[in-house]
Q: 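This structure is in structure tokens; I'll ask about it shortly.
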Amino acid sequence: MKNADIAHLFESIAYFLEVKDDNPFKIRAYRTAALSIKNLGEAIEAVAAEGRLEEIPGVGKDLAAKIMEFLATGTMKHYEELKTETPEAVIDMMSVPGLGPKTAMLLYDKLKIRNIDELERKAKAHKVSGLPGIGDKTEENILKGISLVKRRAGTMTLKEALDAARDIIPRMKKLAAVKRIDAAGSLRRMKEAVRDIDILTVSKDPSSVMDAFVRLPMAKEVISKGNTKSEIVRDDGVQVDLRVVEPESYGAALVYFTGSKAHNVHIRQLAKKIGLKVNEYGVFRMKDGRRIAGRSEEEVDGALKMAFVPPELREDRGEVDVALEGKLPRLVDKRDIKGDLHVHSAWSDGDSQIEEIVRACIKKAYRYVVIADHSKGLKVAGGLSEKEARSKLKEIKTINGKLKGFRILSGAEVEIAEDGSIDYSDDVLKSFDIVIAAIHSGFKQPKEKLTRRILRAMDNRYVHIIAHPTGRHMGVRDPGDIDLEAVFRNAAATNTALEINAYPERLDLNDINARAARDAGAKIAIGTDAHTMEHLDSMELGLAVARRAWLTKGDLLNALSPDELLKSVRK
DNA sequence: GCCGTTTTCGGCCCGACTGTTTTCAGTCG
């Protein structure tokens, strides 16, 4: 899939044009197109082959031609040209917060700065202050920005962000001055990767809230502290922003600070068309400036004649139009989840005995758990021989005999070999309730081979679920080069479910792919891949991916009762 | 560069903050 490559090229072009001080709307057009292509649920090669490029929102004649050019030649002339005429140092410097194209270009022109280290040296030597429009303050801020860039390890996982927010929000909630408090931003949208944490509050006494915030024990550094907005950096480098608003603006502010930016732009355009203006303070009538909504998000969406859009959907992936029609899906909910479809026990590489897992799952109000230990092919993870697998089945039977209202489903996470065969014989496979097949080696194989392995595994009538289909590990390993559309089609055709693996660094399938898989007719299974009892909590993350994929409970195996599940996966 | 139940040309979301300015440019979300 070349989607990410093309999106990246368009984003780069946007930066180049910014440095050239080109038409800002043209720059926006490139960014819009890049986002649209990232959000695409299918390979852009396929869209191009069918002549549908201009159906992609934000892609017109020009950009369609550039995409075709890239697909045919592997390069884009416009990009290459801009790249040679734009100094790399300027693009580098723009990664420093507070440094935009204008200042970066100025620094490059006047001081011939070649990289960020050099910029740091010159700023420390006070060579930056005194340039036109730059004083001591700006120089100081550049140094602050550089230290921030150096410490910031890109993004954190959704789990890390949730943990950080859950460390801070309860402390702030205890303050008498805090009337309401919510996480906002990409964290509230439950995005798989989060850059900083945005928190929104209501208070009659903002300054005392700000004081308490910057004095939090985990606040290592205070970036800014104002009356309504402050920013801190935690000891682990995570930036946390806190804002205070009036109660009558809380809903509008929550919409605004939750984003996404593309979603906000879309609803503001929409508002304009019907004579309204939306900002972070409310919804206003254009003709007399009167506020008609703002206290709650429902009120804001309602004023725009939209159904309430759940935060997870606010990515400008069609949710605005569907909300206008009042046809948003009822997203799958925590209460719909009746079981975990992928848990490892101490039989292979898990920490816990089956009985302990059962107790933990009963606590979560589940009705079943699939104990899916590794198979003999994955020796490093203590994969079970056929004989051990039989002993495990016996133990499960014994424990099940003692349980009421809860059931252990016997499972295995089996290996998909190089040729797509499975490392247990059919006789062994059919003794399990649920068989999950997975690739654990050879992710870098060529697309055809990798795809064929998965397709063949799905053709096995005893394989019910494909685990972590793309094999990605955020920050460690990119997704394998796989023809996902072929996988989705075959999943539907063979009644093989595809997993949303809820392991924090996996989240695989991701939101976009899970939605495309469902649209292709595939069933989806959330599995935590838990190896410890804490890992069972990752269901929350898998559920977030499912919601961001627009899934309803009818799309998820986890929403079925044990009996329904066993019936549903039969081939 | 895209886009069109107000348009194929003339728009394109909206506001805050900061710093360096005497009215605004740059940056950010």
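Quick note on labels: first sequence line is chain A, next is B, and so on, each numbered from 1. Not measured: the values here are computed from a predicted model.
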Q: Starting from P on B:dC13, measure out to CG on A:Leu304 and report it in whole angstrom.
A: 15 Å
Q: In whole angstrom, give me the gap between the P atoms of B:dG26 and B:dT20.
A: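 The answer is 14 Å between these two P atoms.
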Q: For the P atoms, the ones on B:dT27 and on B:dT21, what distance do you get once it is rounded to whole angstrom?
A: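 The answer is 15 Å between these two P atoms.
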Q: Report the residue (A:Tyr281 or A:Asp198) whose heavy-atom-nearest nucleotide on DNA chain B is the more 5′ of the two.
A: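 On the 5' side of the pair lies A:Tyr281.
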Q: Over all strands shown, is A:Pro24 touching base, sugar-phosphate only, or nothing at heavy-atom distances under 4.0 angstrom?
A: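 A:Pro24: no heavy atom of the nucleic acid under 4.0 Å.
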Q: Between B:dG19 atom P and A:Glu139 atom CD, what is the distance in whole Å?
A: 13 Å
Q: Please list, for nucleotides 8-10 of chain B, all pairs of protein and nucleotide N/O atoms separated by less than 3.5 Å.
A:
none

Q: Out of B:dC14, B:dG19, B:dG1, which nucleotide sits closest to the side chain of A:Thr138?
A: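 In terms of side-chain proximity for A:Thr138, the closest of B:dC14, B:dG19, B:dG1 is B:dG19.
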Q: Identify whether any heavy atom of A:Lys137 sits under 4.0 Å from a base atom; if not, whether one sits that close to sugar-phosphate; answer base, sugar-phosphate or nothing.
A: sugar-phosphate
Q: Is the base of B:dT7 syn or anti, if syn means a glycosidic angle within 90° of 0?
A: syn
Q: Would you kindly check whether a donor in the side chain of A:Tyr256 faces an acceptor in the base of B:dG29, or vice versa, at under 3.5 angstrom?
A: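 Check passes, donor-acceptor contact within cut-off.
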Q: Reckon A:Ile267 touches a base, only the sugar-phosphate, or nothing at all at heavy-atom distances under 4.0 Å?
A: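 Nothing, no heavy atom under 4.0 Å.
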Q: When you look at A:Asn39 and A:Ser36, which way does the side chain to side chain donor-acceptor pair (under 3.5 Å) test go after all the steps?
A: CA-CA 5 Å; A:Asn39 282 344; A:Ser36 236; over 6 Å; no
Q: Just the rounded figure in Å: distance from P of B:dG29 to CD of A:Glu280.
A: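 The distance from CD of A:Glu280 to P of B:dG29 comes to 14 Å, rounded to the nearest Å.
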Q: To the nearest Å, how far apart are A:His266 NE2 and B:dC13 C1'?
A: 12 Å
Q: Rounding to the closest angstrom, what is the interatomic distance between B:dT6 and B:dC12 at atom P?
A: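 It comes out at 16 Å once rounded to the nearest Å.
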Q: Return no unless some side-chain N or O of A:Asn141 is found under 4.0 Å from OP1 or OP2 of B:dT18.
A: no
Q: Can you tell me which residue among A:Lys191, A:Arg317, A:Arg189, A:Arg547 is in a salt bridge (charged side-chain N to carboxylate O under 4.0 Å, His left out) with A:Asp511?
A: A:Arg317
Q: Say we look at B:dC28 and B:dT22: how far apart would their P atoms be, to the nearest angstrom?
A: 23 Å
Q: Answer with yes or no whether A:Asn23 presents, from its side chain, a donor or acceptor under 3.5 Å of a partner atom in the base of B:dG1.
A: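 A donor-acceptor contact between them is present.
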Q: Taking for each residue the nucleotide of DNA chain B bearing the nearest heavy atom, is the 5' side occupied by A:His78 or by A:Phe257?
A: A:His78
Q: Sticking with atom C1', work out how far B:dC14 lies from B:dT8, rounded to a whole angstrom.
A: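 Nearest-Å result for B:dC14 against B:dT8 at atom C1': 28 Å.
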Q: Which value, in whole Å, describes the distance between the C1' atoms of nucleotides B:dT5 and B:dA16?
A: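 Going atom to atom, C1' in each nucleotide, I get 36 Å.
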Q: For the NZ atom on A:Lys66, are there more than 12 heavy atoms of other groups (residues, nucleotides or ligands in this structure) within a distance under 6.0 Å?
A: yes
Q: Among A:Ile113, A:Val128, A:Ile146, which one satisfies side chain to side chain contact (heavy atoms under 4.5 Å, CB included) with A:Glu120?
A: A:Ile146
Q: Checking base pairs now: Watson-Crick or wobble, both atom distances under 3.5 Å. What partners B:dT8?
A: none
Q: In whole angstrom, give the distance that lies between atom CG of A:Asn279 and atom C1' of B:dA16.
A: 11 Å
Q: For A:Lys272 and B:dC12, is the shortest distance between a side-chain N/O and OP1 or OP2 below 4.0 Å?
A: yes
Q: Report which part of the nucleic acid A:Ile134 touches: base, sugar-phosphate, or nothing (heavy-atom distance under 4.0 Å, all strands).
A: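 Sugar-phosphate contact only - A:Ile134 comes under 4.0 Å of backbone atoms but never of a base.
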Q: Regarding A:Thr103, tell me which of base, sugar-phosphate or nothing describes its non-hydrogen contacts under 4.0 Å with the strands shown.
A: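 Sugar-phosphate: the residue A:Thr103, judged by heavy atoms under 4.0 Å, touches backbone atoms but no base.
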Q: Just one of A:Arg515, A:Arg52, A:Arg489 clears the salt bridge (charged side-chain N to carboxylate O under 4.0 Å, His left out) bar with A:Glu42, so which one?
A: A:Arg52
Q: In sequence, state the C-alpha distance, the side-chain angles, and the governing distance for A:Tyr79 and A:Phe16, and then conclude on ring-ring contact (aromatic ring centres under 6.0 Å, His included).
A: CA-CA 9 Å; A:Tyr79 165 82; A:Phe16 296 150; 5.8 Å; yes
Q: Using atom CD of A:Glu140 as one end and atom P of B:dG19 as the other, report the distance to the nearest whole Å.
A: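 Roughly 9 Å, once rounded to whole Å.
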Q: Starting at atom CE of A:Met286, determine the distance to atom P of B:dC14, rounded to an integer number of angstrom.
A: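 From A:Met286 CE to B:dC14 P: 7 Å.
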Q: Check whether the side chains of A:Thr552 and A:Asp555 place a donor and an acceptor atom closer than 3.5 Å, and report yes or no.
A: yes
Q: Output yes when at least one side-chain N/O atom of A:Lys277 is less than 4.0 Å from OP1 or OP2 of B:dG15, else no.
A: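 For B:dG15, OP1/OP2 do have a side-chain N/O of A:Lys277 under 4.0 Å.
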Q: Between B:dG29 and B:dG10, how far apart are the two P atoms, rounded to whole Å?
A: 35 Å
Q: Do any N or O atoms from the side chain of A:Thr103 and from the backbone of A:Leu99 form a donor-acceptor pair under 3.5 angstrom?
A: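 Not confirmed, A:Thr103 side chain does not pair with A:Leu99 backbone.
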Q: Base, sugar-phosphate alone, or nothing: which one does A:Lys102 contact when heavy atoms must sit under 4.0 Å apart?
A: sugar-phosphate
Q: Using 0.5 Å steps for rounding, measure from the CG atom of A:Leu106 to the CD1 atom of A:Ile134.
A: 5.0 Å
Q: Should we say atom OH of A:Tyr250 is surrounded by more than 12 heavy atoms from elsewhere, each under 6.0 Å from it?
A: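 Counting other residues, nucleotides and ligands, OH of A:Tyr250 exceeds 12 neighbours.
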Q: Rounded to whole Å, please give me the gap between CG in A:Asp196 and P in B:dG29.
A: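 Taking CG of A:Asp196 and P of B:dG29, I get 7 Å after rounding.
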Q: On the ring face of A:Phe488, is A:Arg518 found with NZ or CZ under 6.0 Å from the centre and within 45° of the axis?
A: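 Cation-pi check for A:Arg518 and A:Phe488: fails.
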Q: Tabulate atom names and distances for all N/O pairs under 3.5 angstrom spanning the protein and nucleotides 3-5 of chain B.
A:
from	atom 1	to	atom 2	distance (Å)
B:dC3	OP1	A:Gly58	N	2.8

Q: Using a cut-off of 4.0 Å on non-hydrogen atoms, how would the nucleic acid contact of A:Asp22 be classed: base, sugar-phosphate, or nothing?
A: nothing
Q: Starting at CZ of A:Arg180, measure out to NZ of A:Lys173 and round the result to the nearest 0.5 Å.
A: 9.5 Å
